[in-house]
Amino acid sequence: MLGRPSLLLSRSGSFRPENLGQNAMAMIGNLCFTIFVVGVLVFTIIAATYQPEDPLFHPSAKITNFLTSKSNATFRADDSVVRTGEDFLGVNQTAFTTFINLSDVDVPENADGGGVTENNLDCSGKIDDPVDCTDPDVFHLLMRAAIEKFKDIHFYRFGKPVRGSNDSSCHMAWRFRPKEGKTAAFYKDYRSFVVSRSQNCTLDVVSIGDYHSGGNARKRKRKNRAGSDRTLGKLDEGFEKVTPKTEGEPIALPVVGEAVNDSLPVVESESSFGNGKYLIYSGGGDRCKSMSHYLWSFMCALGEAQYLNRTLIMDLSICLSKIYTSSGVDEEGKDFRFYFDFEHLKDSASVLDQVQFWSDWDQWHKKDRLSLHLVEDFRITPMKLSGVQDTLITRKFGSVEPDNYWYRVCEGETESVVQRPWHLVWKSRRLMDIVSAISSRLNWDYDSVHVVRGEKARNREMWPHLAEDTSPEALLSSLQDKIDDGRNLYIATNEPDTSFFDPLKDKYSTHFLHEYKDLWDDKSEWYAETAKLNNGNPVEFDGYMRASVDTEVFFRGKKQVETFNDLTRDCKDGINTCTSSS
């Protein structure tokens with residue numbers, strides 16, 4: 001009995017005022033430790049059972065929007081037409097404000113009405129004499145005729161006229177942009193002018209030929225020499241290449257219509273080859289994927305080469321995915337130059353064709369003791385390779401997807417260090433010249449609508465309203481408040497039967513890509529030049545080329561109506577995928 005009261009006294013002593021603070025701290029400590037243990041246990045269970053979604057197919061929002069932002073995050077698969085460097089150039093308005101107005105062209109003192117009177121007033125027996133296209137007064141006459149006729153474009157420079165196909169013909173070139181142009185690019189046209197001489201010696205422009213009809217005014221550019229100065233200067237035609245500054249850096253602008261020189265660069269000598277540093281990507285799972293996948297990986301390789309200050313060894317032979325081919329199967333042997341502007345790339349970056357490179361390597365590497373550094377793990381970052389002194393760094397990729405995709409090199413910590421040099425890769429100027437030709441035939445005065453149908457219209461689970469929203473009746477209803485009656489309307493679409501859109505002809509003058517097939521048929525300049533690149537073999541105007549040209553013509557319409565922004569409530573990527581940007 002004596003023990004119990006003493007025990008009670010000892011316990012009750014712990015609740016004395018002087019002990020309360022100590023006890024409270026002990027209880028809080030025990031509670032925090034218990035919460036920590038429970039948290040660790042929960043986290044361990046989640047980590048052991050959670051299976052993350054494949055980042056290739058379910059990327060973050062930052063990744064999803066990489067083509068419309070400056071993000072360098074991981075690739076998101078996309079089968080649409082890819083955006084390239086010129087699409088990311090902001091239109092520097094100061095570069096385009098100084099254009100030539102009619103009032104800027106001198107009116108000769110001997111002008112008579114709209115024509116020019118020659119100094120020699122005695123025209124007897126000289127009516128049929130050749131027109132002197134080099135005469136400054138004739139030059140002014142042709143300039144005024146061009147400005148007066150083509151009212152929807154701005155002229156930036158005229159080339160000096162030259163003799164045309166006969167004594168009454170002059171050919172003249174000019175650089176221009178559409179007045180409402182939304183892309184940072186210049187265009188070049190050269191046309192034939194028919195000039196007549198009247199009894200009183202007055203010269204008048206009777207007619208102006210079609211787009212690129214003045215071939216004598218198109219001069220070929222000099223071939224680039226290996227190691228030549230890449231500074232932008234004046235072109236052979238006398239046109240000055242404008243280089244407006246974007247974010248403090250001089251950026252060259254595409255000039256569509258110039259003669260293309262995309263011959264392969266060569267190494268001038270054994271010593272030049274031996275002094276170089278090179279990077280090559282070998283193998284991997286990127287081949288025969290969509291064009292956006294290909295470009296996303298290629299840009300990673302190009303970015304690493306620039307970071308390491310090395311020449312990129314590139315395979316100009318690419319595989320076109322079956323999603324673009326008429327045969328429905330992947331097609332090897334396509335040339336990079338069919339789709340992209342290799343002239344701009346080789347003039348702006350250090351690249352070599354791998355066939356030429358391996359030929360030189362086999363010839364000189366043993367003699368000059370050139371060394372190779374092999375990298376087989378994509379997790380070895382470019383930063384870790386910056387100190388490598390070997391002549392050639394070879395990144396070898398395995399056979400297991402997605403770890404064998406080239407773009408994996410640019411993920412993680414590399415993303416913030418190695419920048420993809422988008423400004424180096426432009427669309428093929430041969431394809432863009434077709435775009436310019438179509439726009440010119442429409443006098444750069446047309447509106448456009450993009451109508452997506454095909455597989456998406458048939459898949460009602462993912463796009464429940466698309467088929468009805470793109471029917472002719474629905475289109476007429478949607479367009480009535482957007483496009484004025486009687487306008488030229490270019491319809492960019494994947495609908496194979498264009499007669500589907502016949503009801504629109506009652507209100508608009510409709511135009512489709514297939515109407516301009518003469519621009520790529522066997523008599524066209526595009527056909528001849530691509531066949532030359534392909535060892536004399538004809539090149540098919542494939543599905544990717546068609547989609548690319550169709551899309552670019554759409555983008556040059558004065559008013560543009562999109563399928564998923566303007567015509568339907570459905571989301572571009574299917575039900576419940578709409579975002580603020582789609």
Side-chain angles (χ1 to χ4, degrees), residues 56 75 77-82 84 260 262-265 278-302 305 312-343 345-346 351-362 378 394-409 425-431 434 494 520-522 524 526-549:
L56 177 64
F75 167 76
D78 187 1
D79 61 359
S80 61
V81 175
V82 297
T84 48
V260 179
D262 50 11
S263 58
L264 300 181
Y278 308 96
L279 171 69
I280 189 170
Y281 279 34
S282 176
D286 304 277
R287 206 158 184 85
C288 303
K289 295 294 193 293
S290 70
M291 195 66 83
S292 53
H293 182 130
Y294 165 79
L295 192 60
W296 191 237
S297 283
F298 174 75
M299 295 302 294
C300 174
L302 188 58
L312 179 67
I313 309 305
M314 58 181 293
D315 185 0
L316 286 175
S317 176
I318 64 178
C319 176
L320 187 66
S321 171
K322 60 186 177 183
I323 63 178
Y324 309 118
T325 64
S326 58
S327 62
V329 298
D330 298 332
E331 294 183 2
E332 289 279 4
K334 299 291 186 177
D335 196 303
F336 178 93
R337 294 170 290 182
F338 296 166
Y339 309 98
F340 303 104
D341 187 347
F342 185 67
E343 180 180 5
L345 176 60
K346 71 177 182 178
V351 295
L352 282 175
D353 171 49
Q354 72 169 14
V355 175
Q356 181 64 48
F357 172 80
W358 287 124
S359 175
D360 293 340
W361 179 269
D362 291 341
F378 74 86
T394 298
R395 278 196 181 272
K396 186 176 181 180
F397 295 82
S399 57
V400 180
E401 298 185 15
D403 286 346
N404 64 348
Y405 293 157
W406 292 5
Y407 65 72
R408 298 302 300 272
V409 173
V425 177
W426 294 346
K427 297 177 183 68
S428 162
R429 280 189 285 141
R430 292 187 178 91
L431 291 179
I434 294 177
N494 61 346
W520 61 83
D521 67 13
D522 57 5
S524 67
W526 177 89
Y527 183 92
E529 291 192 1
T530 53
K532 185 177 180 180
L533 292 177
N534 202 34
N535 297 317
N537 299 310
V539 175
E540 177 190 7
F541 195 72
D542 58 50
Y544 184 80
M545 297 173 183
R546 291 176 183 273
S548 181
V549 171

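The chain is numbered in sequence order, starting from 1.
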Exercise for the section: Check side chain to side chain contact (heavy atoms under 4.5 Å, CB included) between Ser399 and all other residues, then give those that pass, not counting sequence neighbours. Expected result: none

Practice task
Please identify each residue that fulfils salt bridge (charged side-chain N to carboxylate O under 4.0 Å, His left out) with Arg337, with sequence neighbours left out.
Solution key: Asp335

Problem - Set of side chain to side chain donor-acceptor pair (under 3.5 Å) partners for Asn404, sequence neighbours left out - result: none

Completion exercise
Separation between CD (Gln354) and CH2 (Trp361), nearest 0.5 Å, reads 14.0 Å

Exercise for the section: Locate the shortest heavy-atom distance separating Cys300 from Val409; write the atom from each residue and the value. Expected result: SG-CB, 3.9 Å

Problem - Pairing residues for Ser282 by the side chain to side chain contact (heavy atoms under 4.5 Å, CB included) criterion, not counting sequence neighbours - result: Thr394

Exercise for the section: Over all heavy atoms of both residues, which pair between Met291 and Tyr324 is shortest? Give the atoms and the distance, please. Expected result: N-OH, 3.1 Å

Practice task
Could you list the residues that satisfy side chain to side chain contact (heavy atoms under 4.5 Å, CB included) with Asp360, not counting sequence neighbours?
Solution key: Val267, Phe273, Gln356, Gln363, Trp364

Problem - Side-chain donor or acceptor of Arg546 paired with backbone N/O of Phe541 under 3.5 Å - result: yes

Problem - Set of side chain to side chain donor-acceptor pair (under 3.5 Å) partners for Tyr278, sequence neighbours left out - result: none

Problem - Candidate pair Phe298 and Leu312, rule side chain to side chain contact (heavy atoms under 4.5 Å, CB included), full reasoning - result: CA-CA 10 Å; Phe298 174 75; Leu312 179 67; 3.9 Å; yes

Problem - Spatial distance of atom CD (Glu331) from atom CG (Leu320) [nearest 0.5 Å] - result: 6.5 Å

Exercise for the section: Could you walk me through whether Leu533 and Glu529 pass side chain to side chain contact (heavy atoms under 4.5 Å, CB included), step by step? Expected result: CA-CA 7 Å; Leu533 292 177; Glu529 291 192 1; over 6 Å; no

Handout entry: Val351 side chain near Leu302 side chain, heavy-atom distance below 4.5 Å
Key = yes

Exercise for the section: With the side chain counted from C-beta on, respond yes when Met314 and Phe342 share a heavy-atom pair under 4.5 Å apart, and no when they do not. Expected result: yes

Exercise for the section: Please check if the side chain of Thr530 supplies one atom and the backbone of Tyr527 the other of a donor-acceptor pair under 3.5 Å. Expected result: yes

Completion exercise
To the nearest 0.5 Å, atom CG of Leu279 lies from atom CZ of Arg395 at 7.5 Å

Practice task
Indicate yes or no: at least one non-hydrogen side-chain atom of Tyr339 is less than 4.5 angstrom from one of Ile318.
Solution key: yes

Practice task
With sequence neighbours excluded, tell me which residues meet ring-ring contact (aromatic ring centres under 6.0 Å, His included) with Phe340.
Solution key: Phe336

Problem - Flag, side chain of Asn537 to backbone of Asn534, donor-acceptor distance under 3.5 Å - result: yes

Problem - From Leu352 atom CG to Phe357 atom CZ, the distance as rounded to the nearest 0.5 Å - result: 8.0 Å

Practice task
Could I get the full list of salt bridge (charged side-chain N to carboxylate O under 4.0 Å, His left out) partners for Asp521, not counting sequence neighbours?
Solution key: none

Exercise for the section: Find out whether Tyr407 and His293 are in side-chain contact, i.e. whether some heavy atom of one side chain is under 4.5 Å from a heavy atom of the other. Expected result: yes

Practice task
Answer yes or no: is there a side-chain heavy-atom contact under 4.5 Å between Ser290 and Ile323?
Solution key: yes

Handout entry: From Ser327 atom OG to Glu540 atom CD, the distance as rounded to the nearest 0.5 Å
Key = 7.5 Å

Exercise for the section: Flag the pair Ile280 / Trp358 as yes when at least one side-chain heavy-atom distance between them is below 4.5 Å, and no otherwise. Expected result: yes

Problem - Inter-residue atom distance Met545.CE - Trp520.CH2, 0.5 Å rounding - result: 11.5 Å

Exercise for the section: Compare every heavy atom of Lys346 with every heavy atom of Pro265, then report the nearest pair and how far apart it is. Expected result: CD-CD, 4.3 Å

Handout entry: Set of residues satisfying side chain to side chain donor-acceptor pair (under 3.5 Å) with respect to Thr84, sequence neighbours excluded
Key = Glu86, Lys427

Problem - Closest non-hydrogen atom pair between Asp330 and Cys288, with its separation - result: OD2-CB, 3.5 Å

Exercise for the section: Would you please name every residue forming a side chain to side chain contact (heavy atoms under 4.5 Å, CB included) with Lys396, sequence neighbours left out? Expected result: Leu374, Glu376

Problem - salt bridge (charged side-chain N to carboxylate O under 4.0 Å, His left out): pairs with one or both residues in residues 279-295, sequence neighbours excluded - result: Arg287-Asp315, Arg287-Glu332, Lys289-Glu401

Handout entry: Whether Trp406 side chain and Gly283 backbone form a donor-acceptor pair below 3.5 Å
Key = yes

